[in-house]
Amino acid sequence: MADLIQVDLLPKVSLGLAETPVVANRRIPEWLTIKLPKRRDIGEVTDLMRSSKLVTVCEEARCPNLGECWSKRTATFMIMGDTCTRSCRFCAVKTGKGAALDPQEPKRLAESAAALGLKHTVVTSVNRDELPDGGSHHFAQTIHWLRELLPDTIIEVLTPDFLGNKTNIQTVVDAKPHIFNHNIETIPRLYRKVRPQARYSRSLQLLQYVKQADPEIYTKSGFMVGFGETKEEVVALMEDLKAHDVDAVTIGQYLKPGKNYLDVVEYVHPDRFAEYKEIGEQMGFLFVASGPFIRSSYNAKEFSDKFLAMRAASRDAA
């Protein structure tokens with residue numbers, strides 16, 4: 001059992017925050033035990049990321065699926081640095097002033113994706129609220145280079161909210177990613193505590209704007225449970241996403257990345273995740289991934305396969 005670890009024992013980082021909420025069901029259940037990756041399984045991806053001076057959200061956010069994904073030669077690239085202008089209480093990415101953007105990063109990322117032979121490439125970023133365009137042109141350049149160097153890959157972007165600036169959102173839409181992902185993260189009641197610099201309505205409006213601006217782009221959003229939300233609130237959140245034209249949704253367990261982050265209020269049982277998946281499918285989402293270790297870009301290949309099938313069916317019908 002030496003290669004097994006419970007998630008709350010993963011490496012930790014402190015943001016100097018302090019809060020002591022009421023906590024229930026704190027004991028880590030057996031279904032939240034993961035297998036640590038072996039160097040031989042993830043070495044090629046690790047070496048490529050370091051040599052290319054690229055950042056992955058897999059590492060920065062301490063994703064529990066890193067070993068599984070990297071062993072399959074998949075990764076979620078994080079552009080525009082490793083420092084975020086926001087201080088969400090669930091996120092392990094460090095907060096502060098970001099460095100100047102590297103104009104060569106988009107091409108370098110595409111070269112690395114091509115070297116890995118990725119069939120589905122996910123690109124996300126930190127928030128860069130201090131930039132006039134929020135980093136939207138950097139996203140667009142990355143999409144351009146991926147199309148140039150890896151034309152058969154499905155391109156998924158997971159963007160910040162760009163402070164609701166439609167011009168900046170449109171810049172990314174015009175670059176035509178196949179999938180536009182923006183995470184809602186939690187229910188509206190908990191926004192002030194979980195992501196104080198974000199706005200629930202702004203995230204919903206972004207997702208709907210993307211679909212209205214280009215109906216051919218599939219929209220996607222994800223959120224976490226375990227903050228103290230009720231089942232009714234989760235269902236209402238899913239209804240909001242569906243009402244704002246979201247095609248796919250991911251639901252995962254919040255896992256505390258360090259001692260000074262928000263505490264886990266509840267470790268949600270896998271049966272409840274299965275129930276949320278069934279509810280989402282009944283609502284009419286094209287794709288629902290729901291489980292303790294589900295993350296926004298986890299199982300991206302599964303959605304990619306479904307995306308390709310739907311696109312092929314659409315072409316045949318035409």
- Atom CD of Gln212 with >12 non-hydrogen neighbours under 6.0 angstrom: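 It does: Gln212 CD has more than 12 such atoms within range.
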_Just checking His137: does its NE2 atom have more than 12 heavy atoms from other residues, nucleotides or ligands closer to it than 6.0 angstrom?_
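12 or below, so no.
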- prompt: Taking atom types as modelled, is there a side-chain donor on Glu156 or Tyr218 under 3.5 Å from an acceptor on the other?
  reply: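 No donor-acceptor contact under 3.5 Å links the two side chains.
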Query raised in the report: So, for Trp145 and Pro106, which heavy atoms are closest and what is the spacing to 0.1 Å?
Result: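 Trp145 and Pro106 have their closest heavy atoms at CB-O, 3.8 Å.
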Intermediate values then yes/no, salt bridge (charged side-chain N to carboxylate O under 4.0 Å, His left out), Glu275 and Arg272 = CA-CA 5 Å; Glu275 185 178 3; Arg272 177 58 61 85; 3.3 Å; yes
Qualifying salt bridge (Lys or Arg N to Asp or Glu O under 4.0 Å) pairs, either residue in residues 195-205, two or more places apart |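 Output for this query lists Asp161-Arg202.
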Decide yes or no on side chain to side chain contact (heavy atoms under 4.5 Å, CB included) for Val194 and Tyr254, but give the supporting numbers first.
CA-CA 11 Å; Val194 175; Tyr254 166 60; over 6 Å; no
For this session: Would you please test Phe293 and Leu255 for side chain to side chain contact (heavy atoms under 4.5 Å, CB included) and show each step?
Result: CA-CA 9 Å; Phe293 287 126; Leu255 301 174; 4.1 Å; yes
- request: Answer yes or no: is there an ion pair linking Glu130 with Arg128, defined by an N-O contact shorter than 4.0 Å?
  value: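 Answer for the salt bridge query: yes.
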Does any N or O in the side chain of [X] come within less than 3.5 Å of the main-chain N or O of [Y], such that one atom is a donor and the other an acceptor?
X: Lys256; Y: Val264; answer: no
X: Thr83; Y: Lys97; answer: no
X: Lys211; Y: Ile217; answer: yes

- Task: Please step through side chain to side chain contact (heavy atoms under 4.5 Å, CB included) for the pair Val123 and Leu146, ending with a clear verdict.
- Result: CA-CA 10 Å; Val123 181; Leu146 282 168; 4.0 Å; yes
Margin query: For Leu204 and Val246: C-alpha separation, side-chain torsions, deciding distance, then whether side chain to side chain contact (heavy atoms under 4.5 Å, CB included) applies.
Written below: CA-CA 9 Å; Leu204 288 175; Val246 173; 5.9 Å; no
Can you tell me how far the OG atom of Ser290 sits from the CZ atom of Phe285, to the nearest 0.5 Å?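 One finds 11.5 Å between OG of Ser290 and CZ of Phe285.
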*Applying salt bridge (Lys or Arg N to Asp or Glu O under 4.0 Å), name anything that partners Asp245, two or more places apart in sequence or on another chain.*
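Partners of Asp245 under the salt bridge (Lys or Arg N to Asp or Glu O under 4.0 Å) test: none.
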